[in-house]
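Working notes, structure below.
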Amino acid sequence: MDGDGTRDARGTHANPVPRPASPPEVPAKPPEAPAVPPRPARAPGAPDGSAFLTWLRTPRPQALPGVWRFGHRPRPAEEPERVPGRQLLSGAVIAFLVGWLIWSLLWNGYLGGWWLLPLFAMIPDSWAEPHSFASVVVVYAYYVLIAGIIMVGVGRLGRWGEIWRRYGPPAWRRAVPGAVPAPAPEEDPAAWPALRAAGAQDAAERLAADARSGLMRDVDHARIARAWQGVQRGRHSLATFTGAVLSHGSAACPHPSGARDLPARQARHDLVTGQVRIGTAADDARNPYAYRGAGLALGPDLLGTSLLAVGPAGSGKTGSLVRPLTESLCLHALAGGAAVVVVGAAGADLGPTDAYDVVVRIGNPDSVYDLDLYGGTTDPDEAAVVLAEALAGDLTDQHQGGDTRRSTTVLAQLLGPFRAVHGRFPGVPELRQLLDGAPGPLAELREGLRAAGLESLLRELDARERQQGRPGDVGGVLADRVALLDRPAFAPFFDTSGQSRPFSLKALDHPVRVRIDLPQRGHADASRMLARLVLAQFTASVSVREDRSLFACLVLDDASGVVTPEAVRGVQRLRSAGAGVVLTLRTLDDVPRPLRGPLLGAIGCRMALSGLTPWDGQDFAEVWGKEWTEARDVTDRQIIAETPAGKAVHMLRRVITGKAPTARAVTVRQVERERWSASELAHAVPAGHAVLSLTSVKGEHAPPLLVDLRG
């Protein structure tokens with residue numbers, strides 16, 4: 001054996017194989033021409049569009065709210081009656097024995113020969129000769145027919161077909177998705193029949209060719225479909241749309257960023273229906289049968305009623321809910337159908353920064369963008385309303401300045417004169433000095449108003465000076481709140497002099513992707529105040545948009561301290577404005593007690609994750625209400641046999657059913673019970689699961705569903 005572990009060619013190992021002295025001579029054959037491989041359908045390395053076409057042609061039937069429609073197979077509304085396996089098998093065996101007994105009695109003549117009369121009536125006399133071939137064939141064929149009739153009868157009685165479907169090869173084979181057959185051209189979405197019907201055959205051919213060659217993606221399809229909707233609504237001309245498609249193909253009508261996809265995806269998205277899959281409805285008796293085992297998904301039709309998720313830290317709010325939703329909304333933005341603003345702590349798992357058009361890192365000197373403190377408005381009264389909500393919206397005590405109307409009045413008395421004199425709103429240090437009543441800035445402002453002859457604004461400033469220092473004045477409270485932003489870490493931010501690049505939520509008229517990072521680690525109070533500011537600006541901006549077909553969504557990864565009376569009223573108005581918010585909370589204790597009921601009532605989609613406290617579960621149980629259910633009271637009384645025959649029958653019944661013979665009394669009542677009780681929400685929701693109720697913008701409801709967020 002050689003050193004490399006191979007055997008020696010000389011045959012020194014045990015039982016060597018005899019080798020011929022010389023290799024046999026093989027007659028030479030003329031060399032054959034090498035076989036030419038078939039020509040490939042496309043060039044090497046060229047993309048293939050079969051996967052995209054399969055995805056596009058997959059059926060998406062109409063389904064209940066929240067059901068993942070991609071390839072969905074609807075189930076019946078009611079669960080069919082399922083016979084226990086032991087009882088099913090025992091019945092099948094007994095049916096087989098009964099059939100065997102009947103055949104044995106017929107074959108041995110115990111039941112007479114009546115069953116042979118049809119045979120004797122049909123065969124001719126010439127076949128009645130003993131041992132003739134024809135008579136043998138006909139007689140045994142008749143026997144097989146009778147035996148088959150008996151087996152069919154007992155098979156139906158014994159439910160052999162159900163056993164075959166439950167335990168046979170149909171149950172072994174897994175559902176393997178096959179190739180989706182190409183539909184008719186007038187029904188094929190890859191052929192763009194709507195464009196052909198409108199006379200844009202050339203554009204439809206170009207898009208279909210890009211789809212077949214693999215140059216089109218799901219975002220491209222959704223973006224071009226969105227642009228075509230603009231043509232149908234009269235916002236764009238058909239000639240402009242057709243020219244763009246013929247020139248650029250699937251890259252036509254691009255997003256302003258030029259991006260056609262996200263850097264990475266973690267969730268499953270379907271841009272045809274606008275859904276993102278977040279989990280699977282558990283196969284639980286508390287879920288309706290039509291939902292069990294179906295995928296659960298969210299889309300703009302559900303997020304338009306807003307969503308609230310409550311669960312402790314580590315329950316999966318960010319990873320299982322917020323991250324998939326932000327991915328989906330960013331994809332919709334690239335397709336021109338949504339504008340999204342994501343607000344979270346710095347370092348939160350909200351996706352890569354490359355997935356956003358604007359990233360505002362408040363407190364980070366490397367931030368390219370700034371946040372407009374006044375929401376991009378030029379109206380002092382409107383700016384005062386939004387800023388008052390951010391500064392004093394969470395103060396519920398009237399003696400501490402909790403009335404936002406008084407805060408709005410104070411801010412308007414200062415913002416209006418300052419803008420009239422300087423042509424801009426005050427920065428954070430200037431606003432703090434005005435609220436503190438510093439004599440220098442107020443005197444300078446007064447002189448500017450007198451020089452400009454603005455007597456009405458001068459009276460506003462005089463009223464502010466008279467109220468300053470009096471009991472109940474909220475100026476000091478507002479100054480203390482503004483002082484939270486007048487810190488060295490925020491010095492480069494909230495600039496109003498035009499030297500920075502402020503982002504305003506007025507830009508939600510366009511499909512923009514925005515991420516705002518808050519410095520929650522070192523400035524928790526300032527972060528909560530800024531979150532209230534963003535929410536107030538969002539609700540004020542989306543209500544005055546012209547194009548409400550562009551879905552706008554605000555995602556707050558942590559809404560602690562954000563829920564105020566004005567915020568709840570603003571959320572109630574979002575549904576009609578084509579917008580929604582996504583709020584996450586660790587506990588409902590972060591919301592003032594008087595606002596918990598109104599908040600849960602204003603939100604259409606509610607999610608309770610595992611680990612919820614019984615106190616939070618009680619609020620969810622109240623808002624989900626009760627339902628009428630059928631309560632069955634079963635009373636079993638054991639039957640005692642006194643005769644040997646009865647004991648034998650009872651023993652056989654015990655062997656078949658596995659239970660002792662009993663006489664059962666069943667009482668059925670209609671009772672009203674909670675859909676999910678507080679105790680069940682606190683202790684019966686497994687880890688990685690959540691209870692989710694849904695409401696669509698059309699008013700369709702889905703009851704609370706137990707959802708596996710890991711499926």
_Under 3.5 Å donor-acceptor, Ser320 side chain and Lys317 backbone_ = no
*asked:* Between Arg268 and Asp270 (salt bridge meaning N to carboxylate O under 4.0 Å), is one present in this structure?
replied: no
*Mind checking whether Arg515 and Val360 have side chains closer than 4.5 Å, heavy atoms only?*
no
*Do NZ/NE/NH1/NH2 and the carboxylate oxygens of Arg223 and Asp218 come within less than 4.0 Å?*
no
_Check whether Ser328 reaches the backbone of Pro324 with its side chain - one donor and one acceptor, N or O, closer than 3.5 Å._
no
*Could you state the interatomic distance from CD (Glu566) to CZ (Arg569), rounded to the nearest 0.5 Å?*
4.5 Å
*When you check the gap from the basic side-chain N to the acidic O, do Lys506 and Glu382 get nearer than 4.0 Å?*
yes
_Distance, nearest 0.5 Å, that separates CG of Leu321 from CE of Met607_ = 5.0 Å
*asked:* Contact between Leu505 and Val534 at the side-chain level, heavy atoms closer than 4.5 Å - yes or no?
replied: yes
*Between the main-chain N or O of Arg292 and the side-chain N or O of Arg75, is there a donor-acceptor pair closer than 3.5 Å?*
yes
*Compute the centroid of each ring, for Trp676 and then for Phe620, and state whether the two points are separated by less than 6.0 Å.*
no
*Is there a donor in the side chain of Glu700 and an acceptor in the side chain of Thr695, or the other way round, less than 3.5 Å apart?*
no
*So, Arg69 side chain and Pro61 main chain: donor-acceptor pair closer than 3.5 Å or not?*
yes
*Hey, are Arg206 and Asp210 close enough for a salt bridge, meaning a charged N less than 4.0 Å from a carboxylate O?*
yes
*Check the side chains of Ser549 and Arg226 for a donor-acceptor pair under 3.5 angstrom, ignoring hydrogens and angles.*
yes
*Which pairs pass salt bridge (charged side-chain N to carboxylate O under 4.0 Å, His left out) with one or both residues in residues 328-340, sequence neighbours excluded?*
none
_Main chain of Leu550, side chain of Arg545: is a donor-acceptor contact present, judged purely on distance under 3.5 Å?_
yes
_For the residue pair Arg60 and Trp55, would you count it as a cation-pi contact if the rule is NZ or CZ under 6.0 angstrom from the ring centre and within 45 degrees of the ring axis?_
yes
*Kindly say whether Val581 contributes a backbone atom to a donor-acceptor pair with the side chain of Ser306 at under 3.5 angstrom?*
yes
*Are the side chain of His701 and the backbone N or O of Gly699 linked by a donor-acceptor pair below 3.5 Å?*
yes
_Ring-face cation contact, Tyr369 with Arg501, 6.0 Å cut, 45° max_ = yes
